[in-house]
2 protein chains.
Amino acid sequence: MKVRQLTFRLLQVYADVVRTGSITATANRLHLTQPTVSQQLKRLREIVGEPIVRQEDSRVVPTEVGQALYQLSQDLLSRADVFSQYLDEYNRGGRGHFSIGLVNTAQYVLPRLLGPFSQANPQVDVTVEIGNRQQMLNRFERHEDDLYVFSHPPSDDAVMAAPFLSNPLVVVGPENSRWASVKDLTMEALKEERFLLREPGSATRHTFDAWLYSSGVELRSTQQIASNEAIRLAVASGMGLAVLSRHVVADSPKGVQELPLQGFPLKSRWHFVVRRERRLPPAAYRFLSFVQGTLAQAFDEPEGEVAVAELLQALKDER
Amino acid sequence: MKVRQLTFRLLQVYADVVRTGSITATANRLHLTQPTVSQQLKRLREIVGEPIVRQEDSRVVPTEVGQALYQLSQDLLSRADVFSQYLDEYNRGGRGHFSIGLVNTAQYVLPRLLGPFSQANPQVDVTVEIGNRQQMLNRFERHEDDLYVFSHPPSDDAVMAAPFLSNPLVVVGPENSRWASVKDLTMEALKEERFLLREPGSATRHTFDAWLYSSGVELRSTQQIASNEAIRLAVASGMGLAVLSRHVVADSPKGVQELPLQGFPLKSRWHFVVRRERRLPPAAYRFLSFVQGTLAQAFDEPEGEVAVAELLQALKDER
DNA sequence: TATAGTCATAGATGATTATCTATGGTGTAA
DNA sequence: TTACACCATAGATAATCATCTATGACTATA
């Protein structure tokens with residue numbers, strides 16, 4: 001058999017001829033003329049190298065080889081069809097894979113979006129990458145993920161970003177800290193405190209540094225710790241104060257409490273970030289849609305909802 | 001996905017590209033130029049309606065959809081390949097089906113050929129049709145079977161026949177018949193005996209009638225019985241004499257014995273009969289080959305072997 | 001024996017395909 | 001930076017394909 005010349009069209013036509021037992025009938029059903037179908041059969045026979053049908057009592061019946069070919073046709077066509085359905089489902093975003101890169105702090109909130117999404121879309125496979133701002137920027141530069149969450153989107157023309165959730169940075173101290181009840185607490189008062197800081201690459205550190213700089217404060221004593229969780233524990237055990245995303249604290253506030261420092265919480269927002277030129281996997285698009293539908297009620301972030309809606313629209317227009 | 005435009009060739013090329021991870025490499029392996037392969041990929045992408053590969057670190061890697069398409073390709077191609085192997089096996093005659101029409105008497109011998117053949121070719125499915133000469137002629141006229149066994153082939157230009165086995169007709173009487181020991185027994189002496197005859201459509205009857213006519217004998221008393229077996233039993237129980245194929249008697253000679261009538265046994269031969277225009281199924285061809293290889297030793301019929309060999313040659317030439 | 005239905009074949013034509021050569025872009029390695 | 005390897009695109013061409021209309025052969029039925 002000359003496999004390379006075999007076409008699915010031929011198999012379709014052939015299968016229909018076997019089913020109807022009539023060349024003319026198939027021609028009508030497929031909106032072709034009778035000679036066309038005759039010729040298709042002829043060509044298929046040549047490809048197979050063997051007679052596949054014969055005339056019998058005004059019906060066209062498959063030969064023994066034709067029988068086998070019919071089964072093959074059914075089989076192949078249905079497999080192709082399954083694939084086609086898969087494609088549709090993939091394009092609808094209900095199936096497939098995407099990867100999302102999260103800046104460290106975001107890992108405290110994103111699960112609340114990803115969890116329900118996965119539940120609703122079990123066929124979608126999500127890879128979550130986590131790192132500090134700098135690491136995520138590297139991944140971003142290398143196009144390693146489909147979607148990112150930054151609090152400060154990289155400044156790149158090729159970037160589209162939607163601020164979707166507020167990320168207030170607060171100062172925390174140990175439970176029962178003497179500062180907790182101070183009125184009009186200022187940085188000046190905390191000058192002598194040791195501050196436990198995230199590493200320089202992190203967004204939290206960056207934001208805090210910027211605030212310190214703009215308010216002309218210089219810290220006396222600092223210590224660098226690379227993990228939000230470690231910082232929270234260190235604060236709880238009295239090693240010092242820290243600036244953390246409120247989400248970090250809200251998640252499991254044991255042993256620490258927010259301090260009412262003036263000017264705090266520092267406002268910042270998480271952004272969904274995608275590259276303009278990258279074709280977003282339909283599943284990622286579906287995730288964004290899902291998030292958009294959730295933000296207003298579940299997170300009380302109507303602005304975020306609008307921003308995501310705009311991003312979705314922009315992505316649609318890109319295509 | 002535009003299934004109708006899908007070609008196995010495209011899948012072959014695509015699968016190879018995925019395997020090698022290189023368009024150029026595939027081009028070389030398939031004896032094509034690089035642009036050709038590039039274009040095939042492009043066309044396949046258009047058929048699928050979705051990017052299927054992307055460049056990555058000087059390698060061509062499939063996208064998520066491409067992965068699924070690759071699996072599909074493998075699947076479809078291997079199925080087509082299995083069919084192709086089936087075709088080969090079919091053409092070799094080691095697989096498939098044929099039907100053979102036997103004249104009644106032949107059913108006593110053919111199993112000795114069909115049995116070993118089936119054993120050696122378990123994938124071949126044989127349909128055996130049995131009837132008297134007239135019934136077989138009807139089937140023959142209607143092209144109902146692939147192969148026939150007649151003692152007297154139909155006289156038809158479109159027929160090819162090979163006498164392959166002698167079929168001696170003998171006169172039988174009951175065991176201990178008084179005629180058994182008579183020397184120079186002639187028909188004249190048996191004039192008064194009742195003869196149990198096969199029905200007119202049968203070959204045995206036909207041959208016997210012809211002999212009677214040519215030797216000018218007329219039987220006094222006859223009875224017609226449509227089955228060899230029934231006749232044998234009737235003879236055994238003393239109802240009369242009969243003319244039967246020696247094979248019928250040889251098979252289970254209980255209660256009957258051959259009588260030494262002059263001029264007997266009447267010589268006749270079984271013929272394999274095929275229609276010239278009918279394409280013989282490879283399995284039937286293989287059966288004839290098998291028979292040809294068996295006749296000389298197992299049946300001591302060297303002439304039959306030659307005749308079948310000639311038939312096979314003629315069939316080969318027909319194609 | 002006409003008639004209608006079913007196929008096969010021939011001949012024509014526009015569209016598509018397979019394939020090539022030539023060329024240009026891009027990224028990697030010397 | 002140059003050279004090389006790899007891929008994409010453009011343009012050309014011959015082959016093949018998908019289709020059609022017209023027509024002829026065969027067969028069953030009125």
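Letters A, B, ... mirror the listed sequences (proteins, then strands); counts begin at 1. Just so you know, these numbers come straight off a predicted model, no measurement behind them.
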Closest nucleotide among [options] to the [X] side chain:
{"X": "A:P35", "options": "C:dA8, C:dC20, C:dC7", "result": "C:dA8"}
{"X": "B:I23", "options": "D:dA8, C:dC20, D:dT19", "result": "D:dA8"}
{"X": "A:T24", "options": "D:dA8, C:dT6, C:dT17", "result": "C:dT6"}
{"X": "B:R9", "options": "D:dT19, C:dT19, C:dT6", "result": "C:dT19"}

Spacing between [X] atom [atom1] and [N] atom [atom2], to the nearest angstrom:
{"X": "A:L41", "N": "C:dT9", "atom1": "CG", "atom2": "P", "answer": "11 Å"}
{"X": "A:L10", "N": "C:dT17", "atom1": "CG", "atom2": "C1'", "answer": "14 Å"}
{"X": "A:Q55", "N": "D:dA28", "atom1": "CD", "atom2": "C1'", "answer": "12 Å"}
{"X": "A:R29", "N": "C:dT6", "atom1": "CZ", "atom2": "C1'", "answer": "17 Å"}
{"X": "A:E56", "N": "C:dT6", "atom1": "CD", "atom2": "P", "answer": "17 Å"}
{"X": "A:K2", "N": "D:dT16", "atom1": "NZ", "atom2": "P", "answer": "10 Å"}
{"X": "A:H31", "N": "D:dC20", "atom1": "NE2", "atom2": "P", "answer": "11 Å"}
{"X": "A:N28", "N": "C:dG5", "atom1": "CG", "atom2": "P", "answer": "12 Å"}

Row check, B:Y86 ring normal vs B:R95 NZ/CZ: under 6.0 Å, within 45°
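No, B:R95 does not lie over the aromatic ring of B:Y86.
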
Are A:R275 and A:F140 in a cation-pi setup, meaning NZ or CZ lies under 6.0 angstrom from the ring centre and within 45 degrees of the ring axis?
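Pair A:R275/A:F140 counts as cation-pi.
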
Reading DNA chain C from 5' onward, which residue's closest nucleotide shows up sooner: A:R4 or A:V60?
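Result: A:V60.
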
Is a donor-acceptor pair below 3.5 Å formed from side chain A:Q39 to base C:dA8, judging by atom type as modelled?
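It does not, because no donor-acceptor pair links the side chain of A:Q39 to the base of C:dA8 below 3.5 Å.
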
Donor on one side chain, acceptor on other, A:H152 and A:T207, under 3.5 Å
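A:H152 vs A:T207: donor-acceptor pair found between side chains.
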
Examine the side chains of A:N132 and A:R198 and answer whether a donor and an acceptor come within less than 3.5 Å of each other.
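Per modelled atom types, A:N132 and A:R198 side chains form no pair under 3.5 Å.
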
Would you say a side-chain N or O of [X] is under 4.0 Å from OP1 or OP2 of [N]?
{"X": "B:S22", "N": "D:dC7", "value": "yes"}
{"X": "A:Q40", "N": "D:dT19", "value": "yes"}
{"X": "A:S38", "N": "C:dC7", "value": "no"}
{"X": "B:R43", "N": "C:dA18", "value": "yes"}
{"X": "A:T36", "N": "D:dA18", "value": "no"}
{"X": "B:T33", "N": "C:dC20", "value": "yes"}

Nearest heavy atom decides the nucleotide; on that basis, is A:Q34 or A:Q5 closer to the 5' end of DNA chain D?
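Nearer the 5' end of the strand: A:Q5.
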
Tell me whether B:T26 contacts the main-chain N or O of B:S22 through its side chain, where contact means a donor paired with an acceptor under 3.5 Å.
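Yes, B:T26 side chain to B:S22 backbone: donor-acceptor pair under 3.5 Å.
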
For B:H206, look at atom NE2 and say whether over 12 heavy atoms of other residues, nucleotides or ligands are found less than 6.0 Å away.
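Count not over threshold, so no.
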
